[in-house]
Amino acid sequence: MSLFKAKIVAAATVLAVLAAPAYAKTLVYCSEGSPENFTPALNTTGTSFDAARPVYNQLVEFTRGTTDVEPALAESWTVSPDGLEITFKLRKGVKIHATKDFKPTRDFNADDVLFSFDRQSNDKNPYHKISGGAYDYFNDMDMPKLIKSLDKVDDYTVKLTLTEPNAPILANLAMDFATIQSKEYADYLLKKGTPEQFDQIPVGTGPFTFVNYQKDAVIRYKAFPEYWGGKAKIDDLVFAITPDPTARYAKVKKGECHVMIAPNPADIAAMKTDPAINLLSQPGLNIGYLSFNTEKPPFDKKEVRQAFNMAIDKAAIIKDVYQGAGVGAVNPIPPTIWSYNKDVKDYPFDPEKAKKMLADAGVKTPLDIDLWWMPVQRPYNPNAKRIAEIMQSDLAKIGVNAKLVSYEWGEYRKRLQQGEHMTGQLGWTGDNGDPDNFFFLLGCAAARPGGQNLSKWCNKEFDDLIVKARGISDKAERTKLYEQAQVIAKEEAPWFTIAHSVVYEPTRKEVVDYKVSPLGRHDFYGVSLK
């Protein structure tokens, strides 16, 4: 090699070494959709929660990759012997993010906690109705009825008083709806006359500060150097919004993304042998389902809902759509969660019996219905349109004409929650590892207009069981109640339970210490790049 060539090679090597650390500090996550906004209390989808999570904290949080609750903005707490009072000691010295215009004048304190809950519960709060003011989690979980008061004892102590003991309360407070936001920032924007900016340009205490968001394209964040838990191991975090799973995989292969959500089941085999990829997986804490709107005839009749359960070939859906990455669902909770009732039997696939049941229930065929399918891929449902087409074909054989309907994702969910559909696909990934977090989806509190009980099914016997279970701390007693609730849910059939999926998350080999969350979260604090 000539001296001239050797110098060029040496220079290139030095440049590569210098460039590598800079490149290695930016982690790109291929997400599947755009967030509705950046205030978790307003949302119910993993897409929006994931987008807000880098910026914020809760009082307590889940240890990454687990359902264990650990201290966060509250460094400790005590529970009264009767279970009605929880006193949180808040962490001191927690810094709040700044924006171009807003500079905080104080650290996080009790005022921020009180504001974050008051906004959701108090219709006199100036922020209560900003951005639509639909606090679905807070209301569907009956928080207005459960929380008697939240009081400031001093700047670093708050006391939560409940109307009754509640076993899952700490796990619930680790969920995204209980995110703590800055009261000072809220007051600043109110004074400025732009309170709607509060939900679009987020300011929190989390490991990353928000930089900018381009709808349907990209979200950018920067590591917050003053983060109370220590600066993140990456400098920049980018969400590359990529709705198509094939495009997400192509980006990961090229090194344009480091982590991706929800691969195509058909691509799993190739990912397993791809030398650039670590394919992480675990059984999903999830359920995909078709809800029957019980407020719309003929779905107000149990026998009709049962007939539909018998008319659809679930095994064909699992084989065609999930391709080995899912199992047929029997109960509204997955078999990976405690209290699952393995004695409950699924409805058999029996079109002839389904046809007879419809006739016996007085249903004239041909019957015209709508069948809504999700416009996005979710961990519990890799292809809702294809599932809808299989269902449509099966239902045609019993004299039911199903018109397929879909909307943009935010609109789709809003309309479903209002009960516009006759039948509609959705699903759920558990938020906290407690069975109550699934059962509330069929509870009476969530059956309100706009609530997450899409079937609008309110069964007193079922509801009494799940409400009673919440107030008991003994796991064995709670299990018995939940087992009974599952028997009722199967008999009453407000859902056609589709599947529990296996969650696959491909990461590039240079990603260090990324953990798959059993709760479907995508957390990047603690992750680094080689």
Enumerate donor-acceptor pairs with a distance under 3.5 Å from any side-chain N or O in residues 491-498 to protein atoms, sequence neighbours excluded.
residue: Glu491; atom: OE2; partner: Lys302; partner atom: NZ; Å: 2.8
residue: Glu492; atom: OE1; partner: Arg305; partner atom: NH2; Å: 3.2
residue: Glu492; atom: OE1; partner: Trp457; partner atom: NE1; Å: 3.4
residue: Thr497; atom: OG1; partner: Lys314; partner atom: NZ; Å: 3.3
residue: Thr497; atom: OG1; partner: Ala329; partner atom: O; Å: 2.8
residue: Thr497; atom: OG1; partner: Val330; partner atom: O; Å: 3.4
residue: Thr497; atom: OG1; partner: Lys490; partner atom: NZ; Å: 3.2

- line: By side-chain hydrogen bond (donor to acceptor under 3.5 Å, both in side chains), Asn37 pairs with (sequence neighbours left out) Asn43

query: Would you say the side chains of Arg413 and Thr45 form a donor-acceptor pair under 3.5 Å?
result: no

- prompt: Does the pair Thr63 and Glu70 meet the rule for a side chain to side chain donor-acceptor pair (under 3.5 Å), with working shown?
  reply: CA-CA 6 Å; Thr63 306; Glu70 65 181 14; 2.9 Å; yes

- prompt: Would Asn432 and Asn172 count as a side chain to side chain donor-acceptor pair (under 3.5 Å) if you check the C-alpha gap in whole Å, the side-chain angles of each, and the deciding distance to 0.1 Å?
  reply: CA-CA 7 Å; Asn432 62 19; Asn172 289 343; 2.7 Å; yes

query: Can the ring centroids of Phe198 and Phe38 be said to lie less than 6.0 angstrom from one another?
result: no

query: Where do Asp431 and Trp428 come nearest, in terms of heavy atoms and distance?
result: OD2-CZ2, 3.2 Å

Minimum-distance pair of heavy atoms, taken over all atoms of Met143 and Phe177: CE-CZ, 3.8 Å

message: On a heavy-atom basis, which atom in Asp176 and which in Arg521 lie closest, and how many Å separate them?
response: OD2-NH1, 3.8 Å

- request: Identify the residue among Asp112, Asp187, Asp155 that makes a salt bridge (Lys or Arg N to Asp or Glu O under 4.0 Å) with Arg106.
  value: Asp112

field: Electrostatic pair Asp513-Arg64, nearest N-O below 4.0 angstrom
entry: yes

message: Please give me the minimum heavy-atom distance between Asn437 and Thr429, naming the atom from each residue.
response: OD1-O, 4.5 Å

The single option from Tyr56, Phe115, Phe117 passing side-chain contact (heavy atoms from CB on, under 4.5 Å) against Ile180: Phe117

- prompt: Do Thr157 and Lys89 have side-chain atoms, one donor and one acceptor, less than 3.5 Å apart?
  reply: yes

statement: Of all heavy-atom pairs linking His421 and Lys296, the shortest is O-CD, 3.5 Å

message: Pair Lys460, Asp463 - check salt bridge (charged side-chain N to carboxylate O under 4.0 Å, His left out), show working.
response: CA-CA 5 Å; Lys460 187 174 185 311; Asp463 205 61; over 6 Å; no

field: Steps toward side chain to side chain donor-acceptor pair (under 3.5 Å) verdict (Asn125, Asp118)
entry: CA-CA 7 Å; Asn125 186 297; Asp118 189 66; 2.8 Å; yes

statement: Per salt bridge (Lys or Arg N to Asp or Glu O under 4.0 Å), Asp107 is matched among Lys92, Arg91, Lys95 by Lys95

message: Can a donor-acceptor pair be found, under 3.5 Å and without considering hydrogens, that links the side chain of Ser48 to the backbone of Glu36?
response: yes

query: Between Phe239 and Tyr221, does the ring centroid distance fall short of 6.0 Å?
result: yes

Side chain to side chain donor-acceptor pair (under 3.5 Å) partners of residues 326-344, not counting sequence neighbours, each pair once: Asn331-Gln486

- prompt: Does the side chain of Ser281 pick up a donor-acceptor pair with the side chain of Glu505 at under 3.5 Å?
  reply: no

- prompt: Does the side chain of Asn383 pick up a donor-acceptor pair with the side chain of Gln377 at under 3.5 Å?
  reply: no

- prompt: Between Thr163 (side chain) and Ile147 (backbone), is there a donor-acceptor pair under 3.5 Å?
  reply: no

Validation row, ring centre His522 to ring centre Tyr29 under 6.0 Å: yes

query: Would you say Lys468 has more than 12 foreign heavy atoms packed within less than 6.0 Å of its NZ?
result: no

- prompt: Are the aromatic ring centres of Phe299 and Phe308 under 6.0 angstrom apart?
  reply: yes

field: Considering all heavy atoms, the nearest Tyr412-Pro375 contact
entry: CG-CD, 4.0 Å

